[in-house]
Amino acid sequence: MEMNAYQRLVARVKTSAEDGKTLHRHLIGPDWFQTHEQLGEYYGKLDDMSDHLTEIGLSQNIADVPIDAACGAFPLIPIKDRVKAESYEIIADEFLQISEAMDEVIEEIDEGWVISMLNNYQEWLHLEAEFKIDRTLR
């Protein structure tokens with residue numbers, strides 16, 4: 001499926017949500033309870049973001065991206081057990097990749113309210129990746 005920047009963003013968020021579920025389900029090691037809960041919140045937020053972005057796209061006559069096309073563009077992480085540090089590093093990287101995809105969309109669209117919504121998501125993504133997760137891993 002050929003995708004525009006907005007569809008690539010939706011695809012990125014969909015696959016990141018799936019990756020978050022894998023990290024949540026295959027976490028091992030110390031701090032399991034707290035980390036498991038946090039990873040669950042992250043994939044829940046990404047699922048909500050995917051749904052919201054899809055609905056915004058549909059309102060702008062942008063076709064939804066099937067999950068198989070999303071996975072073709074952004075392959076899922078392998079299913080395997082991971083410790084807290086590796087799991088958080090992966091999800092932080094996913095957050096930053098989503099933000100980069102949002103930058104590409106912002107460059108291409110004129111809808112101010114969509115840009116504002118994407119900027120709000122970017123603020124959250126960067127706060128989590130560059131501050132909260134960073135401090136957790138120190």
Practice task
Evaluate the side-chain contact (heavy atoms from CB on, under 4.5 Å) criterion for residues T35 and Y88: first the C-alpha distance (whole Å), next the side-chain angles of each, then the deciding distance (0.1 Å), finally the verdict.
Solution key: CA-CA 9 Å; T35 306; Y88 275 140; 3.9 Å; yes

Handout entry: E123 CD: over 12 foreign heavy atoms closer than 6.0 Å
Key =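 It does not: E123 CD has 12 such atoms or fewer within range.
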
Exercise for the section: Determine whether more than 12 heavy atoms belonging to other residues, nucleotides or ligands lie under 6.0 Å from atom CD of E41. Expected result: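 Above 12, so yes.
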
Exercise for the section: Kindly determine whether L46 and F95 satisfy side-chain contact (heavy atoms from CB on, under 4.5 Å), including the steps that lead there. Expected result: CA-CA 9 Å; L46 292 171; F95 287 172; 3.9 Å; yes

Exercise for the section: Test side chain to side chain donor-acceptor pair (under 3.5 Å) on Q122 and N119 and set out the steps. Expected result: CA-CA 5 Å; Q122 286 181 308; N119 288 152; 3.1 Å; yes

Exercise for the section: Could you tell me whether E94 and R12 make a salt bridge, using a distance below 4.0 angstrom between a side-chain N and a carboxylate O? Expected result: yes

Problem - Residues D47 and K21 bridged, charged N to O under 4.0 Å - result: yes

Practice task
Mind running side-chain contact (heavy atoms from CB on, under 4.5 Å) on E104 and L9 for me, showing each step along the way?
Solution key: CA-CA 9 Å; E104 292 176 24; L9 168 61; over 6 Å; no

Do [X] and [Y] touch side chain to side chain, with heavy atoms closer than 4.5 Å?
X   : Y    : value
Y6  : I56  : yes
I91 : I133 : yes
R82 : T22  : yes
V10 : I62  : no

[Y] reachable from [X] in the ILVMFWY side-chain graph, under 4.5 Å edges:
X    : Y    : answer
L96  : M102 : no
F131 : W124 : no
Y121 : L58  : no
L127 : I90  : no
I28  : I77  : no

To the nearest 0.5 Å, how far apart are [atom1] in [X] and [atom2] in [Y]?
X    : Y    : atom1 : atom2 : answer
E18  : F74  : CD    : CZ    : 14.5 Å
E128 : S99  : CD    : OG    : 13.0 Å
S16  : K45  : OG    : NZ    : 14.0 Å
L27  : E37  : CG    : CD    : 12.0 Å
E107 : D103 : CD    : CG    : 6.5 Å
M49  : T54  : CE    : OG1   : 11.5 Å

Which heavy atom of [X] sits nearest to which heavy atom of [Y], and what is that distance?
X    : Y    : answer
A85  : L137 : CA-CD2, 3.6 Å
A129 : A92  : CB-O, 3.7 Å
S87  : L23  : O-CD1, 3.6 Å
V105 : A5   : CG2-O, 3.4 Å

Practice task
Assess the side chains of H24 and Y42: does a donor N or O sit below 3.5 Å from an acceptor N or O?
Solution key: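 Side-chain D/A pair, H24 to Y42: absent.
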
Practice task
State, without any angle test, whether Q7 and D64 hold a side-chain donor-acceptor pair at a distance under 3.5 Å.
Solution key: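 Judged by distance alone, the side chains do not pair up.
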
Practice task
Output, in order, the C-alpha distance, side-chain angles, deciding distance and verdict of side-chain contact (heavy atoms from CB on, under 4.5 Å) for H26 and K80.
Solution key: CA-CA 6 Å; H26 296 277; K80 68 175 194 171; over 6 Å; no

Problem - W113 backbone acceptor or donor facing S116 side chain under 3.5 Å - result: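 No, because the side chain of S116 does not come within donor-acceptor range (under 3.5 Å) of the backbone of W113.
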
Handout entry: NZ or CZ of K84 within 45° of W32 ring axis and under 6.0 Å
Key =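 Pair K84/W32 does not count as cation-pi.
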
